[in-house]
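Read the structure below first, then the notes.
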Protein chains: 2
Amino acid sequence: MYASHLVLSADRATLPPFDLPSEAMTLDCLFAHQPMDKLAVGEALFWEGDMVSNIFQMAEGCLRLYRILPDGRRAIMGFVFAGELLGLSCQGTYRYTAEAITPVRLRRLSRARLNAMGEGAEQLRALLMTRIFEEMSAAQQHIVVLGQLGAEERVAHFLVSATCRTGANLKRPVVVELPMTRQDIADYLGLTVETVCRVLSKFKRDGLIAPEGRHMLVLRRMSSLQDLAGEVDDRALSERPTAVQRPAVWPN
Amino acid sequence: MYASHLVLSADRATLPPFDLPSEAMTLDCLFAHQPMDKLAVGEALFWEGDMVSNIFQMAEGCLRLYRILPDGRRAIMGFVFAGELLGLSCQGTYRYTAEAITPVRLRRLSRARLNAMGEGAEQLRALLMTRIFEEMSAAQQHIVVLGQLGAEERVAHFLVSATCRTGANLKRPVVVELPMTRQDIADYLGLTVETVCRVLSKFKRDGLIAPEGRHMLVLRRMSSLQDLAGEVDDRALSERPTAVQRPAVWPN
DNA sequence: CGGAAAATTGACTTACATCAAACTCAGTGG
DNA sequence: CCACTGAGTTTGATGTAAGTCAATTTTCCG
């Protein structure tokens, strides 16, 4: 069960050899005995304005995080994939609604409980802080994408970063699953559906990607996409080695 | 010296009566005996990629935080004004360069020292976490602004939020100081200088603002600007009550 | 005062949005 | 099994907000 884990740890020569295993254990143990909740497609985990009282670990599925503006526009602030945490970097009330894109299974841990555990556990605290800083870093990256990049660059960036996060990036050819709709992608990238489609069509014509049904596509020329995207936050590549976490979450 | 402090504390009936005074003390005491550094205009406090080893409290002046993209575009991720903290939500290396827009005076506290102090001090820790969550919240707000708002809405949002942060918002008419250049504003809002100028000119024509030299302007119709801006994050209005902090930082 | 950087304004271009019309496809029910 | 349905997607024609290029004007500062 931990074979791939050990192999990966050995690969990552840059990390202190003892940290990764113990930290991964810590975080998983935290959630291991928590109740497993399920969400149907379209169901909300919480709404913008709800009091923050839990943090969540996604076991399976995909969530969208969004805010509706007074005039009805929808801003998607992010997506949450299997293996990731949610609700860490909020205090008071949630600043977005979290809604299931696919059927979701996740574990819930009350903040009160987390704080109680954190009191003495410096190591756990450090681990959670790291996650918070990663979220911050991702938000800042998103700011650069929205503020500075053109439509093609944005879509390319989205594809590359989604690929990295879902951890399917070791296979050739690289396949990425995009459970969200084109509208979701558009609202995430500050574009319209039509523009997202046109860009994807162009990428297809240019041989950068090959669609495999609506929600799956093959990245034929990852490097070209990366060039377009500009430097995807390197942290995204090193963070959350899913091969380490996933087996612990789904030991099936 | 603490007269305004006490008055304001009494005003804020929503907060637990004992927290604010003691927390304000805590944060100020933290920096009170730290060395005071100075930066000349254009001088960098740190560069993107530098190791994170300090956090800073701005005593006076204004910083811009930016990243340069491979092709030379500059993305300004934010500004730091007097009374605010910097470097809290980073780990490892800074993800942006911090550069003085005006002459700056600030206090520096090493992370090592901070961590040492934080070990037992739950209250201090909570205070810092709140600042981190506020930064996160501001980043998310910025994401919405860049992804969803048009040029006029962006500029309006910028003016309102700058006004709230610099705390000049109690006076009528409302005066706001904008020490940064138009180019800075443009790079922050994902627009061009020309567009920023045009929007400001339009606001002037429409009587929403009245320029008072390059770096100062009067907001004649705050409410119209707020309508344009959409809901400015309410947190921004309640955060960092400068009247509370400033007297402690500059007791002159 | 003189010179340079910043700001403003105008003319023109363009990337993306909007509007509109097919097309695809997963689900449903006969 | 297949036709029907409706949401999601794709493509095309056209509009427009913002970018680009270029020429002044203003402001700052030695």
Side-chain angles (χ1 to χ4, degrees), chain A residues 40-42 62 64 69 71-76 99 101-103 145-158 177-206 209-217 228, chain B residues 40-42 62 64 69 71-76 101-103 145-159 177-206 209-217 228:
Chain A
V41 172
C62 183
R64 67 183 144 236
L69 307 196
D71 65 343
R73 280 173 288 191
R74 184 183 66 162
I76 291 194
E99 194 175 275
I101 289 178
T102 65
V145 168
L146 294 179
Q148 309 295 326
L149 305 192
E152 293 188 18
E153 297 170 308
R154 293 189 204 188
V155 174
H157 188 277
F158 173 73
E177 258 203 80
L178 302 174
M180 67 292 290
T181 66
R182 303 288 190 257
Q183 184 66 61
D184 288 334
I185 300 174
D187 289 348
Y188 177 67
L189 294 178
L191 301 170
T192 59
V193 212
E194 292 95 328
T195 299
V196 171
C197 274
R198 274 187 255 271
V199 170
L200 286 174
S201 298
K202 178 168 192 301
F203 285 173
K204 183 178 154 199
R205 271 198 307 281
D206 298 351
I209 63 173
E212 202 81 53
R214 241 181 242 203
H215 295 296
M216 190 98 102
L217 52 79
L228 263 175
Chain B
V41 172
C62 183
R64 67 184 145 235
L69 306 197
D71 65 344
R73 280 173 289 193
R74 183 184 67 161
I76 291 195
I101 289 177
T102 66
V145 168
L146 293 179
Q148 309 296 327
L149 304 192
E152 294 188 18
E153 298 171 307
R154 292 189 205 189
V155 174
H157 188 278
F158 173 74
L159 293 179
E177 256 204 80
L178 301 174
M180 67 291 289
T181 67
R182 303 289 190 257
Q183 184 66 60
D184 288 335
I185 299 174
D187 289 348
Y188 177 67
L189 294 177
L191 300 170
T192 58
V193 212
E194 293 95 328
T195 299
V196 171
C197 273
R198 275 187 257 271
V199 170
L200 287 174
S201 298
K202 179 169 192 302
F203 285 173
K204 182 177 154 198
R205 269 199 308 281
D206 298 351
I209 63 173
E212 202 82 53
R214 238 184 242 199
H215 294 298
M216 190 96 103
L217 52 78
L228 262 176

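Order of the sequence lines sets the chain letters (A, B, ...), proteins ahead of strands, with each chain counted from 1.
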So does [Y] get a backbone contact from the side chain of [X], meaning a donor-acceptor N/O pair under 3.5 Å?
X: Q148(B); Y: V145(B); value: no
X: R182(B); Y: V193(B); value: no
X: R154(A); Y: L146(A); value: yes
X: S201(B); Y: C197(B); value: yes

Is any NZ, NE, NH1 or NH2 atom of the basic residue among R214(A) and E177(A) found under 4.0 Å from an Asp or Glu carboxylate oxygen of the other?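 So R214(A) does not pair with E177(A) through a salt bridge.
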Inspect the contact between R74(A) and D184(A) and indicate whether a charged nitrogen and a carboxylate oxygen are less than 4.0 angstrom apart.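 R74(A) and D184(A): salt-bridged.
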Let me have a per-nucleotide readout for nucleotides 23-30 of chain D, 5' to 3', with B, S or -, counting only protein heavy atoms under 4.0 Å. ---BB---
Atom pairs, protein N/O to nucleotides 12-14 of chain C N/O, distance under 3.5 Å:
none

Check the distance between [N]'s [atom2] and [X]'s [atom1] and give it to me in whole angstrom.
X: L200(A); N: dT10(D); atom1: CG; atom2: C1'; answer: 11 Å
X: E212(A); N: dT24(C); atom1: CD; atom2: P; answer: 17 Å
X: F203(A); N: dT9(D); atom1: CZ; atom2: P; answer: 17 Å
X: Q148(B); N: dA17(D); atom1: CD; atom2: C1'; answer: 16 Å
X: K204(B); N: dA7(C); atom1: NZ; atom2: P; answer: 14 Å
X: Q183(B); N: dG19(D); atom1: CD; atom2: P; answer: 11 Å
X: K202(A); N: dT11(D); atom1: NZ; atom2: P; answer: 14 Å
X: D187(B); N: dG19(D); atom1: CG; atom2: P; answer: 11 Å

Which pairs, protein N/O on one side and nucleotides 16-20 of chain C N/O on the other, fall under 3.5 Å?
residue, atom, partner, partner atom, Å
dC16(C), OP1, A151(A), N, 2.8
dA17(C), OP2, T192(A), N, 3.4
dA17(C), OP2, T192(A), OG1, 3.1
dA17(C), OP2, T195(A), OG1, 2.3
dT18(C), O4, R198(A), NH2, 2.7
dC19(C), N4, E194(A), OE2, 2.9

Give the minimum heavy-atom separation between A186(A) and T192(A), together with the two atoms involved.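 Closest heavy-atom pair between A186(A) and T192(A): CB-C, 3.5 Å.
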Side-chain contact test, heavy atoms from C-beta onward, threshold under 4.5 Å: evaluate it for [X] versus [Y] and give yes or no.
X: L228(A); Y: F203(A); result: yes
X: L178(A); Y: M216(A); result: no
X: L191(B); Y: V155(B); result: yes
X: L149(A); Y: R73(B); result: yes

